[in-house]
Enquirer: 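Let me give you the structure first, and then I'll get to my questions.
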Amino acid sequence: MKTNVVKVKLWGTNVGYLSWDSREEVAVFEYDPSFLKLGWDIAPLTMPVNASRSRKQMPWLGNKDAVYRGLPPMIADSLPDKWGNSLFNSWLRDNKISTKNITPIDHLSFIGSRAMGALEYEPAEKLGDDSPFSVDVQRLYHFAKQVLNERESTVLTRENSILWQDLVKVSSSPGGKRPKAIVALNDDTGEVISGQGTIPEGFLHYILKYDDSSIFPYAKLEYIYYKMAVDTGIAMTPSDLRTYEGATHFLTRRFDRIGNDKIHTQTLAAMSPLSTSYEDIFATIRRLNLPYEDSRQQYLRMVFNVLARNVDDHSKNVSFCMNRDGVWRLSPAYDVTFSVDLAAPAYVNKQSLTINGKNKNITREDLEAVARNNDILEYNTLIDGVKASLSTFEEYADRLNISKSLVNRIVNDFVRV
């Protein structure tokens, strides 16, 4: 597997061409001249289509920071994180492909049209028929755990070879650490099929997050946090729990899909690579000229993350979406859950993005200072609303039979302001 050049596409249109400079270990990207005429500014803060470099057909170089793996930030967003990378490496081993000379361009060709968001990459590695197929959630869940846990190649048998192909098709593109699958769900029948490619009428696109631990109820906690966040007024896509053979998994509707249309999506890490604080998010919102509602939404999310102890609030957990008119908006919130390691010392469990220059011991005064500096109206009402929503945590947890001892430990970790 050696792909030195891929064509980047968006909504069936050629965006440009991406090649790999093996000597410098960095990607080189050039816009297609015909794409520049469309006015779709798909990376407005890092590779603007109206920049002189773009107009003069000069190349944009990738970012060598580890987060971007030598790719331009806009394109690096298409690569997965821990889970997807583990699956890709396992696929390489089982196809007897050495990882020694594999580049991020190869990984993009492996992902092809299965990337999150709307960008696609050609030539793409063919992974069989792209038609939707029925997903046996529990069998795939157990096989996913097997693949993730085995250090050596998964032994392919007649029984699991089809499972392996299915797993690669539905699980190789999402970000994040936990095992997950891209599926489509029919709410009326409960049928689950693969969510890559075009899905039939009556189905909707979802991400299924496997509950990969019988000790810590990841899925149930994320569902409770979803409920509390929505109660607070935070915009999120519809989410639910599904139980298969005693294992409960978390399902959340994809915001980068409307029917079978793909929505161009960029994380904060891609949109503004130097951002390390919540103030940087508000600055990005202003640079994109987004409406006040997006600033208000982002403030609510910041307060909720702090008070409810979602410390995994890094720059890939904030996103922006662009429609076909070229209009950008803040995406719905996602990956909102209790993310403190209760067994770790306090210094480990710090906010990933700083607030008023701090990532721990954040006070109401810090939250208020951010609000005043970013023209957030009625911020005290917003803070008190988040506090009120957290008071329902124990009630939600009791309905889902989460142990009292864990509930108490989580509640005791909430930030009081």
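Predicted model only: the values in this text are computed from it and were never measured.
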Enquirer: So, for Tyr223 and Tyr396, is the gap between ring centers shorter than 6.0 Å?
Expert: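 Distance test on ring centres: not under 6.0 Å, no.
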
Enquirer: Got a sec: does the CD1 of Ile258 have more than 12 other heavy atoms crowding it under 6.0 Å?
Expert: no

Enquirer: Is it true that a side-chain atom of Asn305 and a backbone atom of Arg301 form a donor plus acceptor pair closer than 3.5 Å?
Expert: yes

Enquirer: Testing the basics here: between Pro332 and Met236, what is the closest heavy-atom pair and its distance to 0.1 Å?
Expert: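 Nearest pair, atom of Pro332 first, then Met236: CB-CA, 4.0 Å.
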
Enquirer: Once rounded to the nearest 0.5 Å, what's the spacing between atom NZ of Lys209 and atom CG of Leu241?
Expert: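 So the gap between those two atoms works out to 12.0 Å.
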
Enquirer: Check whether more than 12 heavy atoms from other residues, nucleotides or ligands sit under 6.0 Å from atom CZ of Arg286, and answer yes or no.
Expert: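 Count over threshold, so yes.
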
Enquirer: Does the ring center of Phe29 lie less than 6.0 Å from the ring center of Tyr17?
Expert: no

Enquirer: With rounding to the nearest 0.5 angstrom, report the CZ to CG distance, Phe110 to Asp106.
Expert: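 It comes to 11.5 Å.
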
Enquirer: Any salt bridge linking Arg242 with Asp240? Criterion: basic side-chain nitrogen under 4.0 Å from a carboxylate oxygen.
Expert: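 So Arg242 pairs with Asp240 through a salt bridge.
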
Enquirer: What is the distance from atom CE of Met302 to atom CD1 of Ile376, rounded to the nearest 0.5 Å?
Expert: 8.0 Å

Enquirer: Rounded to the nearest 0.5 Å, how far does CD of Glu191 lie from CG of Leu185?
Expert: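 Spacing of CG (Leu185) from CD (Glu191) equals 9.5 Å.
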
Enquirer: With a 4.5 Å cut-off on side-chain heavy atoms, are Met116 and Thr265 touching?
Expert: no

Enquirer: What I'd like to find out is whether the side chain of Tyr244 reaches to under 4.5 Å of the side chain of Val192, using heavy atoms alone.
Expert: yes

Enquirer: Examine distances only and state if a side-chain atom of Thr243 and a backbone atom of Gly246 form a donor-acceptor pair shorter than 3.5 Å.
Expert: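 Judged by distance alone, no pair lies under 3.5 Å.
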
Enquirer: Please list, chain by chain and in numerical order, all residues satisfying side-chain hydrogen bond (donor to acceptor under 3.5 Å, both in side chains) with Glu365, sequence neighbours excluded.
Expert: Thr363

Enquirer: When you compare the side chains of Tyr334 and Ser319, does any donor N or O come within less than 3.5 Å of an acceptor on the partner?
Expert: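 There is such a pair (donor and acceptor under 3.5 Å, judged by atom type) between the side chains of Tyr334 and Ser319.
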
Enquirer: Quick one: are Arg287 and Leu45 in side-chain contact, heavy atoms under 4.5 Å?
Expert: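 Counting from C-beta outward, Arg287 and Leu45 do come under 4.5 Å.
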
Enquirer: If you measure only the distance, is there a donor-acceptor pair under 3.5 Å linking the side chains of Ser78 and Tyr121?
Expert: yes

Enquirer: What residues, two or more places apart in sequence or in another chain, satisfy side-chain hydrogen bond (donor to acceptor under 3.5 Å, both in side chains) together with Ser272?
Expert: Ser275

Enquirer: For Ser331, check side-chain hydrogen bond (donor to acceptor under 3.5 Å, both in side chains) against everything at least two apart and list the hits.
Expert: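 Per chain and number, Ser331 pairs via side-chain hydrogen bond (donor to acceptor under 3.5 Å, both in side chains) with no residue.
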
Enquirer: For Asn289, look at atom CG and say whether over 12 heavy atoms of other residues, nucleotides or ligands are found less than 6.0 Å away.
Expert: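 No - once you tally the heavy atoms of other residues, nucleotides and ligands closer than 6.0 Å, there are 12 at most.
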
Enquirer: Are Val5 and Ile105 packed together at the side-chain level, in the sense that at least one heavy-atom pair is separated by less than 4.5 angstrom?
Expert: no

Enquirer: Where do Asn356 and Glu279 come nearest, in terms of heavy atoms and distance?
Expert: N-OE2, 2.8 Å

Enquirer: Quick one: do Asp256 and Lys262 make a salt bridge, cutoff under 4.0 Å?
Expert: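 No, no charged N to carboxylate O under 4.0 Å.
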
Enquirer: Taking it one step at a time, do Leu251 and Ile207 satisfy side chain to side chain contact (heavy atoms under 4.5 Å, CB included)?
Expert: CA-CA 6 Å; Leu251 275 164; Ile207 296 176; over 6 Å; no

Enquirer: Give me the atom names and distance for the closest heavy-atom approach of Pro44 to Asp41.
Expert: CD-O, 3.3 Å

Enquirer: Between Tyr31 and Arg55, is the side chain to side chain contact (heavy atoms under 4.5 Å, CB included) condition met? List the steps.
Expert: CA-CA 9 Å; Tyr31 279 112; Arg55 293 295 175 182; over 6 Å; no

Enquirer: Taking all heavy atoms of Val415 and all of Val306, pick out the closest pair and write down the distance.
Expert: CG2-O, 3.4 Å

Enquirer: Considering only heavy atoms from C-beta outward, does the side chain of Leu377 approach that of Arg296 to under 4.5 Å?
Expert: no

Enquirer: Side chain to side chain contact (heavy atoms under 4.5 Å, CB included) between Val6 and Glu122: does it pass, once the steps are laid out?
Expert: CA-CA 5 Å; Val6 292; Glu122 295 180 354; over 6 Å; no

Enquirer: With side chain to side chain contact (heavy atoms under 4.5 Å, CB included) as the criterion, how do Leu10 and His264 come out once you've worked through the C-alpha distance, each side chain's angles and the decisive distance to 0.1 Å?
Expert: CA-CA 8 Å; Leu10 174 70; His264 179 52; 4.2 Å; yes

Enquirer: So is Arg324 actually on top of Trp40's ring, under 6.0 Å and inside 45° of the axis?
Expert: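 No cation-pi geometry.
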
Enquirer: Side chain to side chain contact (heavy atoms under 4.5 Å, CB included) with Asn359: which residues, sequence neighbours excluded?
Expert: Lys350, Gln351, Thr354

Enquirer: Got a sec, which residues hit salt bridge (Lys or Arg N to Asp or Glu O under 4.0 Å) with Arg257, two or more places apart in sequence or on another chain?
Expert: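 Arg257 satisfies salt bridge (Lys or Arg N to Asp or Glu O under 4.0 Å) with no residue once adjacent residues are dropped.
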
Enquirer: Could you tell me how the ring of Phe282 sits relative to the ring of Tyr299: parallel (under 30°), tilted (30 to 60°) or perpendicular (over 60°)?
Expert: tilted

Enquirer: Given the rule in the side-chain hydrogen bond (donor to acceptor under 3.5 Å, both in side chains) test, do Asp77 and Thr267 qualify, once you have shown the distances and angles that lead to the verdict?
Expert: CA-CA 7 Å; Asp77 248 9; Thr267 65; 2.7 Å; yes

Enquirer: Give me each pair satisfying salt bridge (Lys or Arg N to Asp or Glu O under 4.0 Å) with a member in residues 21-33, each pair once, sequence neighbours excluded.
Expert: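 Applying salt bridge (Lys or Arg N to Asp or Glu O under 4.0 Å) to every pair that reaches into residues 21-33, excluding sequence neighbours, yields Glu24-Lys64.
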
Enquirer: Taking atom types as modelled, is there a side-chain donor on Asn349 or Arg309 under 3.5 Å from an acceptor on the other?
Expert: no

Enquirer: State, with a plain yes or no, whether a side-chain heavy atom of Lys9 is found less than 4.5 Å away from one of Val15.
Expert: no

Enquirer: Might you point out which heavy atoms bring Leu71 and Ala27 nearest each other, and give the distance in Å?
Expert: CD2-CB, 3.7 Å

Enquirer: Ile234 versus Val336: any side-chain heavy-atom pair under 4.5 Å?
Expert: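 The answer is no, as the side chains (C-beta and beyond) never meet within the 4.5 Å cut-off.
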
Enquirer: For Ser389 and Thr232, indicate whether the former's side chain and the latter's backbone hold a donor-acceptor pair under 3.5 Å.
Expert: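 No, Ser389 side chain to Thr232 backbone: no donor-acceptor pair under 3.5 Å.
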
Enquirer: How about Ser54 and Trp60: does a side-chain donor come under 3.5 Å of a side-chain acceptor?
Expert: yes

Enquirer: May I ask you to decide if Ser352's main-chain N or O and Asp313's side chain share a donor-acceptor pair within less than 3.5 Å?
Expert: yes

Enquirer: Supply the atom-to-atom distance Asp312 CG to Asp341 CG, rounded to the nearest 0.5 angstrom.
Expert: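 Answer for the CG-CG pair, Asp312 versus Asp341, is 12.0 Å.
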
Enquirer: I need the minimum non-hydrogen distance between Asn310 and Asp335, along with the two atoms involved.
Expert: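 Closest approach of Asn310 to Asp335: ND2-O, 3.5 Å.
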
Enquirer: Would you say the side-chain atoms of Tyr278 and Asn374 include a donor-acceptor pair closer than 3.5 Å?
Expert: no

Enquirer: Got a second to check how far Arg329's CZ is from Phe320's CZ, nearest 0.5 Å?
Expert: 11.5 Å

Enquirer: Is the count of non-hydrogen atoms from other residues, nucleotides or ligands lying under 6.0 Å from Glu293 atom CD greater than 12?
Expert: yes

Enquirer: Taking the side chain from Asn63 and the backbone from Asp65, do they hold a donor-acceptor pair closer than 3.5 Å?
Expert: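 Yes.
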
Enquirer: Is there a side-chain contact between Phe250 and Tyr210 in this structure, where contact means two heavy atoms from C-beta onward sitting under 4.5 Å apart?
Expert: no

Enquirer: Distance-only, no hydrogens or angles: does the Asn186 side chain make a donor-acceptor pair with backbone N or O of Gly190 under 3.5 Å?
Expert: no

Enquirer: If only side-chain N and O atoms count, and only distance matters, is there a donor-acceptor pair under 3.5 Å linking Thr198 with Asn260?
Expert: no

